[in-house]
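Please read the structure below before turning to the comments.
The chains referred to below are lettered A, B, ... by the order of the sequence lines, with proteins before strands, and numbering in each begins at 1. Worth saying up front: this structure is predicted, and the values here are computed from it rather than measured. What you see below is based on every heavy atom in this structure, not just the backbone, and it leaves out hydrogens, waters and symmetry mates.
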Amino acid sequence: MFATLAGRALVPVGLAVTGFMVVCCLVLYSAISDNLHQTEIVNATNLADTVLKSTRYAMHKSDRETLATIIHNVGEQHGVDHVRIFNKKGVVTFSAKADELNHQVDKSAEGCIICHKGPTPVSSLGTMQQARTYRNTAGMDVIAITAPIYNSPDCSAAACHVHPAVQKILGTLDIGLSRTEVVRSLAMLRIQMIIFTLLCLILTIGGVTALLMRTVFTPIRKLRDFVEASESSTTPPATPPDLPHDLDMIATSYYNSRLNSLKETVNPESSVSQSEKP
Amino acid sequence: MSENSPEQSSTDKPRKELEQELKRLGRLSTRGVLALSLFLVICILAWWDFPYLPQPDAVTSVIGAPPCARLISIALIIYAFSAIILSLCRMAQGVEHRSSFCHVGYLTAFFLFYYFSKALQQNFWAVFGAGITILGIESYRIWNHCAERILKVKENIEFLNRNGRLPPQ
């Protein structure tokens with residue numbers, strides 16, 4: 001394959017085009033995946049903020065029933081994996097799943113360790129640091145946001161409340177969203193890119209092959225057949241076939257020299273000085 | 001001990017030169033494959049997240065923040081495009097250029113940039129694909145060039161053995 005003219009012409013072209021397209025597709029896929037992930041985080045953070053703002057009044061009034069209903073309803077929404085609020089000690093006080101209530105959260109678990117890795121917990125995190133992705137026990141990809149519930153003057157100064165003003169964080173909202181749709185979109189994108197790359201490869205190799213066959217390989221084969229037929233016969237050779245200009249010059253030159261040598265063989269004394277292509 | 005005839009001694013020097021050239025071309029033809037192998041070793045290290053390197057945070061706290069992953073990706077595409085074009089031009093002109101190992105260096109630099117900007121996992125396959133393409137084309141070019149030259153040198157040796165002189169240039 002590598003020794004033939006076709007192989008030597010097609011291998012570098014195929015390798016260069018396919019390789020470059022694959023690199024471009026991989027970079028593009030990585031950029032799209034990164035963008036989608038950031039959008040997911042922003043959406044999850046916005047949802048966490050919405051839940052916090054919706055529950056703020058109920059927290060203010062210490063209306064635990066309304067708070068539990070809001071958390072339960074949000075948790076039942078399609079695409080929400082879990083919603084829970086835990087207090088400063090890490091005990092789940094509200095959750096959409098009843099079996100999680102009053103359970104102690106492990107501070108070394110993913111999502112908690114970001115703030116609790118030092119002796120003093122970090123009280124503020126960036127949006128990207130609040131997010132974590134993992135696969136839950138059901139095998140579903142989840143993106144979770146851990147949003148702290150900050151103390152504010154209207155909390156600490158209220159008559160019904162016991163939070164001192166020095167306490168910065170009152171608790172934490174943990175909300176997890178399913179990544180099934182995003183994972184499915186990325187899988188579709190991958191398949192589309194593979195098909196696109198394969199089509200481009202077939203088109204490029206096919207196009208280059210067709211052009212080379214038409215302009216190079218077929219004329220060269222005709223020229224080779226003509227030369228072989230002329231060499232093996234003792235009679236005057238047939239006229240050269242129709243060939244592109246460059247190859248036609250070679251064929252005519254060969255035809256004339258062959259005709260001269262045949263004439264010299266028949267009549268050695270007479271030298272043919274010039275001969276023309278018929 | 002027999003003495004060489006003057007004719008034989010006059011062909012010895014060019015024959016030796018041709019045989020040395022043959023050996024040199026044989027060594028050169030494996031250069032691309034060696035570079036490709038070295039790149040694969042570096043890829044394995046990158047796949048394991050460079051276990052012998054310090055953590056990105058430790059390095060960036062000393063030398064400053066790395067460029068963002070998107071800029072590195074743009075640079076990677078420009079580099080891959082330029083390297084492929086350059087290699088194809090060299091192939092077309094039949095230039096003997098041994099550039100494979102410097103490409104391994106450039107590709108390692110891309111791995112390191114992605115590593116320090118904490119985006120190596122997402123972009124590993126892009127650098128791997130670029131490396132395989134560039135080094136594959138370079139290997140093919142060097143191998144093809146050497147194969148042609150080896151054929152020519154062997155013809156020259158045969159001519160020398162037959163006629164006692166090198167063919168006219």
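- Looking at B:L71, B:L112, B:T60, B:V59 one by one, the single match for side chain to side chain contact (heavy atoms under 4.5 Å, CB included) with B:P66 turns out to be B:T60.
- Heavy atoms closer than 4.5 Å to chain A are found nowhere in B:Q121, neither backbone nor side chain.
- For B:F128, no part lies near chain A; criterion is any non-hydrogen pair under 4.5 Å.
- Looking at B:I77, the atoms closer than 4.5 Å to chain A (heavy atoms on both sides) sit in the backbone and in the side chain alike.
- Using bins of under 30°, 30° to 60° and over 60° for the plane-to-plane angle, the ring pair B:F50/B:Y115 lands in the perpendicular bin.
- Neither the backbone nor the side chain of B:I85 comes within less than 4.5 Å of any heavy atom of chain A.
- The 12-atom threshold is exceeded at OH of A:Y29, counting heavy atoms of other residues, nucleotides or ligands nearer than 6.0 Å.
- When every heavy atom of B:I72 is checked against every heavy atom of B:S117, the shortest pair comes out as CD1-OG, 3.6 Å.
- A salt bridge does not link B:K16 with B:E19: every distance from a Lys NZ or Arg NE/NH1/NH2 to an Asp or Glu carboxylate oxygen is 4.0 Å or more.
- Using a 4.5 Å cut-off on side-chain heavy atoms (C-beta onward), B:R149 and B:R24 make contact.
- B:D57 has a carboxylate O that lies under 4.0 Å from a charged side-chain N of B:K118, or vice versa, which qualifies the two as a salt bridge.
- Contacts with chain B (heavy atom to heavy atom, under 4.5 Å) involve these residues of residues 13-27 of chain A, listed by number: A:L15, A:A16, A:G19, A:F20, A:V23, A:C24, A:L26, A:V27.
- Listed options B:A147, B:G136, B:A126, B:G129 were ranked by heavy-atom pairs under 4.5 angstrom with chain A; first place goes to B:A126.
- Nearest approach of A:V227 to A:Y254, heavy atoms of both residues: O-OH, 3.7 Å.
- For B:I137, the parts sitting under 4.5 Å from any heavy atom of chain A are the backbone and the side chain alike.
- Contact record, A:T204 with A:C200: OG1-O, 2.6 Å, taken as the closest heavy-atom pair.
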